[in-house]
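Beneath this line is the structure, given in structure tokens, with notes to follow.
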Amino acid sequence: MAQQLMIANWKMNKTHDQAKDYMDILAQERLPSQVEVVICPPFTALGAVAAGAKASLSMVGAQNCSWAASGALTGEISPEMLMALTVKYVLVGHSERRSLFGESDDIVARKVQLLLQSALIPVLCLGETEQERDGNLTEEVLRRQLDAALPLTSDEASKIVIAYEPVWAIGTSRTANGEQVTAAMQLIRHYLATKYTAATAEAIPILYGGSVNLGNIASLAECPIDGALVGGASLNPQDFANLTRSFAVAKEL
Ligand code: PEP
């Protein structure tokens with residue numbers, strides 16, 4: 001079985017002090033040991049999350065990084081800088097980065113490569129827009145995004161995490177239904193098994209993201225997902241801990 005993961009994406013929320021408070025509360029919660037819990041704060045709160053990670057048994061994640069190792073890139077953050085703050089996972093190609101900041105498939109691919117070279121774990125985000133789903137283009141879009149991001153060896157591919165996040169389900173309260181989630185998981189798993197091996201495909205965690213909350217996590221866990229990428233419902237530490245425990249119980253971990 002692939003590593004089971006629950007990843008909190010705070011997006012542009014919480015200051016350094018608010019992050020510290022969050023981590024103090026998370027440390028009071030019992031998180032299931034079979035699920036790796038990852039907190040992705042804004043860059044400015046990475047230090048606070050890193051300081052509280054050990055006590056709360058969670059890992060540190062970043063929401064983005066540069067496609068270059070260093071250089072004259074004002075405002076960018078490199079993998080080396082993230083590693084110095086004990087970051088383990090980095091989101092790549094989140095739909096908000098793709099749609100609001102012009103992140104192309106090519107840039108996503110460069111980031112994935114650089115992160116792997118830096119021994120950081122890329123969490124590759126994929127997903128179709130509502131228009132693409134309505135136009136029956138979901139499969140084509142997912143294949144295009146996978147093709148672009150994975151010119152990787154089998155060894156490299158086995159070190160990534162994939163998050164299927166239909167764009168129309170992110171921050172909208174419109175979670176994808178079980179059939180839609182299962183179909184996407186099967187498509188991605190089959191793509192990986194064909195490109196690499198069945199064993200590699202089984203070892204890569206594939207998460208679901210898009211309006212995950214306490215009310216839908218149990219039914220989502222019935223789908224072949226290895227965890228979730230959670231935005232809004234991760235902003236409260238008790239809620240996020242509850243979500244993580246509910247996932248572990250529903251998966252019988
Ligand atoms: C996300 O930020 O990746 C996300 C899925 O957000 P939300 O859970 O709020 O839909």
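Hydrogens, waters and symmetry mates play no part in the numbers below; they use all other heavy atoms, side chains included. Quick note: residue numbers are just sequence positions, from 1.
- Residue pairs that meet the salt bridge (Lys or Arg N to Asp or Glu O under 4.0 Å) test with at least one member in residues 176-192, sequence neighbours left out, are Arg189-Asp226.
- Heavy-atom contacts from other residues, nucleotides or ligands closer than 6.0 Å to CD of Glu140 number 12 or fewer.
- The minimum heavy-atom distance linking Pro122 with Leu116 is given by the pair CD-CD2, 3.8 Å.
- Side-chain atoms of Lys11 and Glu96, non-hydrogen and from C-beta on, do get closer than 4.5 Å to each other.
- Checking Asn13, Val49, Asn9, Thr15 one by one against Pro41, the side chain to side chain contact (heavy atoms under 4.5 Å, CB included) holds for a single residue, Val49.
- Under a hydrophobic-cluster definition in which Ile, Leu, Val, Met, Phe, Trp and Tyr are linked whenever side-chain heavy atoms come within less than 4.5 Å, directly or via other members, Val123 and Phe101 are assigned to different clusters.
- The shortest distance between side-chain heavy atoms of Pro42 and Trp10 falls below 4.5 Å.
- Checked by atom type and distance alone, the side chain of Thr175 pairs as donor or acceptor with a backbone atom of Ser211 at under 3.5 Å.
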Could you walk me through whether Ile162 and Leu126 satisfy the side-chain contact (heavy atoms from CB on, under 4.5 Å) test, starting with their C-alpha distance in whole Å, then the side-chain angles of each, then the deciding distance to 0.1 Å, before giving a yes or no?
CA-CA 8 Å; Ile162 293 178; Leu126 313 168; 3.7 Å; yes

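- Taking both residues in full, the closest heavy atoms of Val108 and Gly93 are given as CG2-CA, 3.7 Å, listed atom of the first, atom of the second, then distance.
- In this structure, Pro32 and Leu253 have side chains that are not in contact, with every pair of non-hydrogen atoms separated by 4.5 Å or more.
- Asp106 places no side-chain N or O within 3.5 Å of a backbone atom of Ala149 that could act as its donor or acceptor partner.
- Side chains of Tyr191 and Leu150 form a contact here, defined as non-hydrogen atoms less than 4.5 Å apart.
- The backbone N or O of Leu73 lies less than 3.5 Å from no partner atom in the side chain of Glu76, so there is not a single donor-acceptor pair.
- A salt bridge between Glu139 and Arg133 is absent, with no side-chain N of the basic residue lying under 4.0 Å from a carboxylate O of the acidic one.
- Distance check: Lys159 NZ to Ser154 OG gives 9.5 Å after rounding to the nearest 0.5 Å.
- Hydrophobic clustering keeps Leu243 apart from Val38 (ILVMFWY residues linked when any side-chain heavy atoms are closer than 4.5 Å, directly or through intermediates).
- Side chain to side chain, Tyr164 and Glu128 meet the donor-acceptor criterion of an N or O pair below 3.5 Å.
- Side-chain atoms of Glu132 come within 3.5 Å of backbone N or O of Thr129 as a donor-acceptor pair.
- Between Asn242 and Ile217, every side-chain heavy-atom pair lies at or beyond the 4.5 Å cut-off.
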side-chain contact (heavy atoms from CB on, under 4.5 Å) evaluation trace for Val212 with Leu220:
CA-CA 8 Å; Val212 173; Leu220 284 166; 3.9 Å; yes

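- When all heavy atoms of Leu31 and Leu57 are compared, the closest pair comes out as CD1-O, 4.4 Å.
- Of the possible donor and acceptor atoms, one in the side chain of Thr194 sits under 3.5 Å from a partner among the backbone N and O of His190.
- Atom CD of Glu29 is separated from atom OG of Ser56 by 10.5 Å, given to the nearest 0.5 angstrom.
- In terms of heavy atoms, Ala169 sits closest to Ala176 at CB-N, 4.3 Å.
- Under the salt bridge (Lys or Arg N to Asp or Glu O under 4.0 Å) criterion, Glu156 pairs with no residue, sequence neighbours left out.
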For a side-chain contact (heavy atoms from CB on, under 4.5 Å) check, start with the C-alpha distance between Leu46 and Val87, then their side-chain angles and the critical distance, and finish with the verdict.
CA-CA 8 Å; Leu46 275 173; Val87 168; 3.8 Å; yes

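- Asp105 pairs by the side-chain contact (heavy atoms from CB on, under 4.5 Å) definition with Arg98, Arg144, Gln145, Ala148, not counting sequence neighbours.
- Leu91 is not connected to Leu235 by any chain of hydrophobic side-chain contacts under 4.5 Å among Ile, Leu, Val, Met, Phe, Trp and Tyr, and they are in different clusters.
- With hydrogens and angles disregarded, a donor-acceptor distance shorter than 3.5 Å links the side chain of Arg245 to the backbone of Arg30.
- The shortest heavy-atom contact between Pro79 and Ser118 is CB-OG, 3.3 Å.
- By the 6.0 Å contact criterion, CD on Gln238 is enclosed, its count of non-hydrogen atoms from other residues, nucleotides or ligands being greater than 12.
- Scored by the side-chain contact (heavy atoms from CB on, under 4.5 Å) test, Asp24 finds Lys20 as partners (sequence neighbours excluded).
- The shortest side-chain heavy-atom distance between Pro166 and Tyr208 falls under the 4.5 Å cut-off.
- One distance of note links CG of Asp21 with CG of Leu26; it measures 12.5 Å at 0.5 Å rounding.
- Closest heavy-atom contact between Ala53 and Val60: CB-CG2, 3.9 Å.
- For the pair Lys251 (side chain) and Ile225 (backbone), a donor-acceptor distance under 3.5 Å is present.
- Here Phe43 contributes atom CZ and Met12 contributes atom CE; the two are 13.0 Å apart, rounded to the nearest 0.5 Å.
- Looking only at side-chain heavy atoms (C-beta outward), Val167 and Ser99 stay at 4.5 Å or farther from each other.
- A distance of 9.0 Å separates CD1 in Ile77 from OG in Ser66, rounded to the nearest 0.5 Å.
- With Asn216 contributing its side chain and Asn213 its backbone, the two residues share a donor-acceptor pair below 3.5 Å.
- To the nearest 0.5 Å, atoms CZ (Arg110) and CG (Leu115) are separated by 12.5 Å.
- Judged purely by atom type and a 3.5 angstrom limit, Thr172 uses its side chain to pair as donor or acceptor with the backbone of Arg174.
- Glu165 has its side chain within reach of His94: a pair of non-hydrogen atoms, C-beta onward, lies under 4.5 Å apart.
- For Lys88, the side-chain hydrogen bond (donor to acceptor under 3.5 Å, both in side chains) partners are Glu36, not counting sequence neighbours.
- Remark: Glu222 engages no residue in a side-chain contact (heavy atoms from CB on, under 4.5 Å) (not counting sequence neighbours).
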As a quick check of understanding, evaluate side-chain contact (heavy atoms from CB on, under 4.5 Å) for Asn64 and Glu103, giving each step before the final call.
CA-CA 11 Å; Asn64 187 24; Glu103 220 164 84; 3.9 Å; yes

